[in-house]
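Labels below follow one simple rule: chain letters A, B, ... track the order of the sequence lines, proteins then strands, and each chain is numbered from 1.
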2 protein chains.
Amino acid sequence: MPRAGLSTDAVVDAAVAVLDEHGPDALTLAAVAARTGVATPSLYKHVDGLGELRRRVAVRSMNELADRMTAAVLGRSRDDALRAGMMAYRSYALEHPNRYAALPQHPVPDPDLAAAGDRVVQVILALLRGYDLEDSEVIHVARSVRAAAHGFAALQTAGGFQLAEDPDTSHERLIDLIVVGLREGPSDGSPHHRDQTVQDGSVAHT
Amino acid sequence: MPRAGLSTDAVVDAAVAVLDEHGPDALTLAAVAARTGVATPSLYKHVDGLGELRRRVAVRSMNELADRMTAAVLGRSRDDALRAGMMAYRSYALEHPNRYAALPQHPVPDPDLAAAGDRVVQVILALLRGYDLEDSEVIHVARSVRAAAHGFAALQTAGGFQLAEDPDTSHERLIDLIVVGLREGPSDGSPHHRDQTVQDGSVAHT
DNA sequence: CAGGCGTAGCTAATATAATTAGCTTTATGG
DNA sequence: CCATAAAGCTAATTATATTAGCTACGCCTG
């Protein structure tokens, strides 16, 4: 018989397809093997078991998310950039709910995944640039923005919004809360604006 | 041999213990059976398979979360209540990260779980009472608050905050963003305060 | 107190999945 | 044209869930 001609990427492609079509629980080596027309153990020639396959799918998804956010934020700043970034984040989750849900909940030591996650964080840090927040303030706000984006996306894709109110409007309101909050600064009297310096985008994580 | 004297509650107790100690993936019928000193199939006398067991664990956890939030918010209003509710939410997640992580990501038709989720929502709606928001505005803000709380808890328990900055401070900042945002209202000119009416707490969900 | 019965718990069997070991065969490069 | 690395296969092992059907514990009643 002719060879299937698989590759690691092709296996991940199939895995993503299975994930999209049948959900996270259906992402099994057996299902991926069936889809690629190969016996289950053959997949081990391209991927080191289900764990690695899942991680690769997550890395790809996280990078897609980062790509989309990057594109959305480009050429914008401040409220405009924040709004675009948040919208891009949510739209990715809504368009690919299973991929979004498959992003790991637990700490995972995979460096590729960390790198992809960092890309998302970097975009958020970048879109906050225009606000001239001081050093650690940027981190706190970035964490807040990420939390808001993730929380909303997670709840909505999980079907958490049952009432008639339009979730789009709710999302607008969430963005508004942050925008307005940023305009006013912390409610205690601490300084939060730095006095105009340049910010480098070296490190990562938040 | 003497009988083990199990009950559905006892099985769920054991399941929670396994979950707490060894994480979500270790929550198997085999592990619960071992812990209760019974053969695996015997568990089916008390629980209808792994699916139902997981759902029961989730229901219990969600109710614990609701209990804690309710206690925290009692006797407070406005910013004070909001802050207390958010803190209670996060502290539950941090104290029981595995239980929190085991709350379902996907839509689940379990009415008990829906009821438990509603309790959380009701607390959030209640703590927003003092702000006198108009009807649908309450819903949008409640969703925003829940998204912020969930997102932050999810990210932190997943080890998403790697930098030196204290996550507690970040959380304060997140609460601040919301508090300030609420003080100012939507950035468009729409009205958001109702003119003093009573709010009933009948329905649920958001 | 004896009998009876409901049910908790057991063993055995089946199905699905992951994973490992080791063989076969396809391509390809010398 | 053949040697070899890698792609794929089959077979076997392990872990898990789940179903079926048996047994015996313990309570409730007569």
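Under the side chain to side chain contact (heavy atoms under 4.5 Å, CB included) criterion, Asp67(B) pairs with Arg119(B), sequence neighbours left out. With sequence neighbours excluded, the residues satisfying side chain to side chain contact (heavy atoms under 4.5 Å, CB included) with Ala81(A) are Val73(A), Arg76(A), Leu127(A). Here Asp13(B) pairs with Arg60(B) under the side chain to side chain contact (heavy atoms under 4.5 Å, CB included) rule; sequence neighbours left out.
Remark: Arg143(B) is positioned above the aromatic ring of Phe161(A), its terminal NZ or CZ atom under 6.0 angstrom from the ring centre and at most 45 degrees off the axis.
Between Tyr100(A) and His150(A), the angle of the ring planes lies from 30° to 60°, which puts this pair in the tilted group.
Counting only residues at least two apart or on different chains, the salt bridge (Lys or Arg N to Asp or Glu O under 4.0 Å) pairs with a member in residues 30-50 of chain A are Glu21(A)-Arg35(A).
Shown for residues 5-13 of chain A: residues whose heavy atoms fall under 4.0 angstrom of DNA chain D, namely Gly5(A), Leu6(A). Of the residues in residues 22-51 of chain B, Thr28(B), Leu29(B), Ala30(B), Thr40(B), Pro41(B), Tyr44(B), Gly49(B), Leu50(B) come within less than 4.0 Å of DNA chain D through at least one heavy atom, sorted by number.
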**Request:** Carefully, step by step, assess Glu64(B) and Arg68(B) under the rule salt bridge (Lys or Arg N to Asp or Glu O under 4.0 Å).
**Result:** CA-CA 6 Å; Glu64(B) 287 171 349; Arg68(B) 181 174 299 211; over 6 Å; no

